[in-house]
Amino acid sequence: MANSHQQQSFAVLGIGKFGLALTMALLKANQDVLVVDSNEEVINDVAHLVTHAVIADATDEDELRDLDIGAFNHVFVTMGENVEGSIITTMLAKKIGAPDVTTRANNHNHRLVLEKIGADHVIEPEQDMARQLIFHQLHPNIVNYFNLSKDVSLGEVKVENPNFFNKSLGELDFCKNYNVNVIGIIHDGKLNQVPLATDIINPHDHITLIGSNEDVQKINETLQENK
C-alpha cells in the first residue's frame, strides 16, 4: 500500500524540542530521516532512532553540500532560538538546491525575513497552534493533525462512518480509493503500527493516515459521515 508519499526523504537541521518532536512524527510515518546538529550529545541521543544522524554545523555551506542537502525532498530548519543560524541555514539550503525548505520562526519579524530569503514554508509555533486549534474545531473528528511538509499531512482520524465498520484494509483500499496510506490503527487504546491488508477496522477505531493535505481532509469528512 505504498505510494509516492512513502518514498520521500526528510532532513531535520537542529534538534531542540521542536526538531525532536518533528523527527518522531516523521519516524512514526515510516519516513527516511536525516538529523543534523552540532551538539554531539544530542546526536548520540537520537542516532539509534533515525536513518542517519550527523554531527555538523548547518550554517557551514561546505558541510551542507557534503550532506547533499539539495537532494532531500523536504528540509526542516528547526534551530529554536538561534535566529541568525536559522536564517543562514535556510539561505544555504535554498542556494544548494533543496526544493522544499520549512523553517521555524520565533516571531513575526523572523518570519518576514525567512519568507524574504526564500523559505518555502515558515512555522511560527504560537500562530500555528492557534490555527491548529481552529482546525480541530472545524474538523472535530481529526484527533491529531501534523503537516509533514507544505503539501503532505499526517492525520489521526476517528472512524464514525458505518460503511467502513468491520471491513478489512484490503477491502477498503484507502490508497486506490482515497489516495492516502493507512500507517496505523488504534483499537481499544492499542496501536497496530504495521497494519496488514487483512486487518479489520472496527467501529470508532482511530486510524493514522498520510497523504496530501487535501486528501487527508477529504477522507476525514468521509469517515465522519454517519449514515
Output, in order, the C-alpha distance, side-chain angles, deciding distance and verdict of side-chain hydrogen bond (donor to acceptor under 3.5 Å, both in side chains) for H110 and S86. CA-CA 10 Å; H110 189 192; S86 71; 2.9 Å; yes
For N39 and D37: C-alpha separation, side-chain torsions, deciding distance, then whether side-chain hydrogen bond (donor to acceptor under 3.5 Å, both in side chains) applies. CA-CA 5 Å; N39 187 320; D37 199 283; 5.2 Å; no
Please walk me through it: do L49 and T23 pass side chain to side chain contact (heavy atoms under 4.5 Å, CB included)? CA-CA 9 Å; L49 298 171; T23 299; over 6 Å; no
Stepwise side chain to side chain contact (heavy atoms under 4.5 Å, CB included) test for H204 and F165: CA-CA 8 Å; H204 318 303; F165 293 172; 4.2 Å; yes
Starting from the C-alpha separation in whole Å, work towards a yes-or-no answer on side chain to side chain contact (heavy atoms under 4.5 Å, CB included) for D120 and T102. CA-CA 6 Å; D120 298 285; T102 301; 5.8 Å; no
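The structure places CG of L26 at 9.5 Å from NE2 of H74, a figure rounded to the nearest 0.5 Å. The distance from atom NE2 of H52 to atom OG of S9, rounded to the nearest 0.5 Å, is 9.5 Å. If you take CD1 on I87 and OG1 on T59, they are separated by 12.5 Å, rounding to the nearest 0.5 Å. Rounding to the nearest 0.5 angstrom, the gap separating the CD atom in E171 from the CG atom in N166 is 10.0 Å. Residue I207 holds its CD1 atom at 12.0 Å from CG of N192, rounded to the nearest 0.5 Å. Separating the CG atom in D188 from the NE2 atom in H206 is a distance of 10.5 Å, to the nearest 0.5 Å.
No path of Ile, Leu, Val, Met, Phe, Trp and Tyr side chains, each step under 4.5 Å between heavy atoms, connects Y178 with I200, placing them in separate hydrophobic clusters. V83 is not connected to L112 by any chain of hydrophobic side-chain contacts under 4.5 Å among Ile, Leu, Val, Met, Phe, Trp and Tyr, and they are in different clusters.
Aromatic ring pairs are classed by plane angle as parallel below 30°, tilted from 30° to 60° and perpendicular above 60°; the pair F10 and F76 is parallel.
Smallest separation of non-hydrogen atoms from V216 and V180: N-CG1, 4.2 Å. The two residues V159 and F164 have their closest heavy-atom pair at CG1-CB, 3.8 Å. Residue V122 comes nearest to E115 through the heavy atom pair CG2-CG, 3.8 Å, listed as atom of the first residue, atom of the second, then distance. Scanning both residues, A98 and V75, for their nearest heavy atoms gives CB-CG2, 3.9 Å. Closest approach of I117 and M91 over heavy atoms only: CD1-CG, 3.4 Å. Nearest heavy-atom pair, A105 versus L114, reported as atom, atom and distance to 0.1 Å: CB-CD1, 3.9 Å.
Proximity of a side-chain donor or acceptor of N177 to a complementary backbone N or O of L172 within less than 3.5 Å is detected. A donor-acceptor contact shorter than 3.5 Å is absent between the side chain of E63 and the backbone of D60. Distance alone, capped at 3.5 Å, places no donor-acceptor pair between the N161 side chain and the Q224 backbone. Distance alone, capped at 3.5 Å, places no donor-acceptor pair between the D173 side chain and the G170 backbone.
Between the side chains of N73 and D100, no donor-acceptor pair is found at a separation under 3.5 Å.
Counting heavy atoms from C-beta outward, T51 and L34 have side chains that stay 4.5 Å or more apart. Side-chain contact between I43 and V54: absent, with no pair of heavy atoms (C-beta onward) separated by less than 4.5 Å. With contacts defined as side-chain heavy-atom distances shorter than 4.5 Å, the pair I219/L209 qualifies. Residues N181 and C175 form a side-chain contact, since some pair of their non-hydrogen atoms from C-beta on lies under 4.5 Å apart. For the pair T78/L13, no side-chain contact is recorded, criterion being any heavy-atom separation below 4.5 Å from C-beta on. Looking at D205 and I186, their side chains never come closer than 4.5 Å, going by heavy atoms from C-beta outward. Looking only at side-chain heavy atoms (C-beta outward), I123 and R111 stay at 4.5 Å or farther from each other. Using a 4.5 Å heavy-atom threshold, the side chains of R65 and K95 count as touching.
Checking V77, T89, I69 one by one against V101, the side chain to side chain contact (heavy atoms under 4.5 Å, CB included) holds for a single residue, V77.
A salt bridge links K158 with E160: the distance from a Lys NZ or Arg NE/NH1/NH2 to an Asp or Glu carboxylate oxygen falls below 4.0 Å.
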